[in-house]
Number of protein chains: 2
Amino acid sequence: MQHQLRAHIEKIVPLSDEEFDFVRAHFTAKKFKKHQYLIQEGYPVKYHHFVVSGLLKLVYTDDSGKQHIVAFAMEDWWETDFHAYYTQTNATMSLECVEETEVLCLSLDDYRKLCDGLPKMERFFLEKSHWGFIGVQRRIISWLTSSAKERYEQLLAKYPQLVQRVPKSLLAAYLGVSRETLSRLSR
Amino acid sequence: MQHQLRAHIEKIVPLSDEEFDFVRAHFTAKKFKKHQYLIQEGYPVKYHHFVVSGLLKLVYTDDSGKQHIVAFAMEDWWETDFHAYYTQTNATMSLECVEETEVLCLSLDDYRKLCDGLPKMERFFLEKSHWGFIGVQRRIISWLTSSAKERYEQLLAKYPQLVQRVPKSLLAAYLGVSRETLSRLSR
DNA sequence: AAATATACGTGACATTTATCAAGAACTGAT
DNA sequence: ATCAGTTCTTGATAAATGTCACGTATATTT
């Protein structure tokens with residue numbers, strides 16, 4: 001499991017054994033069951049999370065109580081309420097288990113110590129952030145250019161595993177259509 | 001004008017005079033007239049751009065030839081086709097002047113030299129990237145939770161200057177509605 | 001096994017938005 | 001002052017999507 005984090009980081013920056021030990025020491029392993037919260041709206045956000053196994057959803061609940069899925073996170077993905085994490089304010093979103101999930105947690109304090117102690121980790125997180133930005137921007141482009149049906153097909157093509165693992169009502173909440181409409185799209 | 005870049009960077013990391021001279025040396029100033037292209041779809045992306053004055057639009061053109069606005073960039077904003085820039089591939093989007101615009105250009109080579117020579121600039125770009133990500137994610141949330149009319153009102157509230165400076169047809173292409181619909185929303 | 005919750009599909013109807021067409025108001029160049 | 005181009009609005013209609021209501025199948029819990 002530590003091995004997994006190392007392989008993940010080394011896709012971007014190589015690490016010696018000592019360096020990885022240093023990295024590893026900043027993370028805490030945690031395990032959550034289905035339906036448990038890693039982050040709850042209105043509460044402080046302690047950690048950034050690296051998903052070792054399982055599946056998470058980042059949920060924004062609107063004024064009328066309707067839930068919208070901002071992101072899913074599965075193996076090898078990073079997830080948190082970034083704004084609340086960086087500014088150490090209360091969460092505006094929730095992070096919740098769709099499946100039983102193991103994560104490695106990194107506090108903001110440890111994040112800073114890690115980057116200060118090992119500058120190549122700053123490079124790693126910068127690269128991650130770039131790709132995160134590009135990914136979200138592509139989702140915007142998909143929205144600007146495509147119908148609900150096309151967006152669903154793009155999702156099927158890009159994350160076929162995901163579609164197997166989550167109920168269609170969650171996919172609908174991610175795509176921004178009602179579950180009834182999504183149901184009719186497949187016909 | 002160099003002064004403006006310095007003030008912008010120093011909102012995040014302080015710089016000595018020598019350090020700023022080092023930073024400044026990596027940028028090239030350029031000036032473009034209304035309707036000129038800084039980046040053209042299908043061509044290499046040479047630079048990341050810091051906008052000194054003026055207004056740019058980042059445009060994605062779909063298969064049917066319809067134009068969609070991925071982002072606007074005005075004074076003190078950074079803009080490029082990030083994916084094409086980082087991977088040094090051809091642009092999938094265009095970056096075009098809405099007004100006459102002055103920019104400071106940074107090639108990928110100079111970007112790397114800058115970060116290597118002055119690690120605090122890596123911290124600066126990391127912070128910029130974080131906030132960029134948070135901004136785009138908020139646009140997604142706005143889309144998931146709000147109607148076209150609400151999204152328009154949020155835009156009016158967030159960027160009142162922008163609404164004065166660009167034709168409504170461009171705002172429509174940014175919001176993802178037809179210009180006719182946008183016109184009817186104000187009634 | 002029974003009880004309960006969740007997931008999924010579908011019909012009927014309302015609402016939102018896109019599309020096509022036309023014209024008015026404004027801008028800039030000559 | 002005229003002409004051409006752009007911007008904005010509006011009407012009529014079609015298409016897409018949301019909402020409400022219901023039924024059924026499948027898990028999950030007790």
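Proteins get letters first, then strands, A, B, ... in listed order; numbering begins at 1 in each.
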Closest approach to the side chain of [X], judged atom by atom: which nucleotide of [options] is it?
X         : options                   : answer
Ser169(B) : dC8(D), dT10(C), dA7(C)   : dC8(D)
Thr181(B) : dA7(C), dT17(C), dT9(D)   : dT17(C)
Val177(A) : dT17(C), dG18(D), dT9(D)  : dG18(D)
Ser147(B) : dT28(D), dT10(C), dT17(C) : dT17(C)
Lys66(A)  : dT19(D), dG9(C), dT17(C)  : dT19(D)
Ala148(A) : dT7(D), dA12(C), dT17(D)  : dT17(D)

Taking [atom1] from [X] and [atom2] from [N], how many angstroms apart are they, rounded to a whole number?
X         : N       : atom1 : atom2 : answer
Arg165(A) : dA27(D) : CZ    : P     : 18 Å
Gln164(A) : dC8(C)  : CD    : P     : 12 Å
Arg184(B) : dA12(D) : CZ    : P     : 11 Å
Leu182(B) : dA18(C) : CG    : P     : 10 Å
Glu99(B)  : dG28(C) : CD    : P     : 13 Å
Tyr152(B) : dT17(C) : OH    : C1'   : 17 Å
Leu185(A) : dA15(D) : CG    : P     : 17 Å
Glu100(B) : dG28(C) : CD    : C1'   : 16 Å

From OG (Ser94(B)) to CG (Leu38(B)), nearest 0.5 Å:
10.5 Å

Tell me whether Lys120(A) contacts the main-chain N or O of Pro14(A) through its side chain, where contact means a donor paired with an acceptor under 3.5 Å.
yes

Is there a donor-acceptor pair under 3.5 Å between the side chain of Gln40(A) and the backbone N or O of Tyr37(A)?
no

Students often get this wrong, so: under 4.0 angstrom with heavy atoms, is Ser178(B) touching a base, only sugar-phosphate, or nothing?
base

Could you list the protein-to-nucleotides 21-27 of chain C atom pairs, N/O on both sides, closer than 3.5 Å?
none

Would you kindly check if the NZ (Lys) or CZ (Arg) of Arg138(B) is within the cone defined by 45 degrees around the ring axis of Tyr60(A) and under 6.0 Å from the six-membered ring centre?
no

Does Arg139(B) qualify as a cation-pi partner of Tyr174(B), given the criterion of NZ or CZ under 6.0 Å from the six-membered ring centre and within 45 degrees of its axis?
yes

Are Phe82(B) and His48(B) an aromatic pair by the rule of ring centers under 6.0 Å?
yes

Quick one: the side chain of Arg151(B) and the base of dT16(C), do they pair up donor-acceptor inside 3.5 Å?
no

Are Arg123(A) and Asp116(B) within salt-bridge range, i.e. N to O under 4.0 Å?
yes

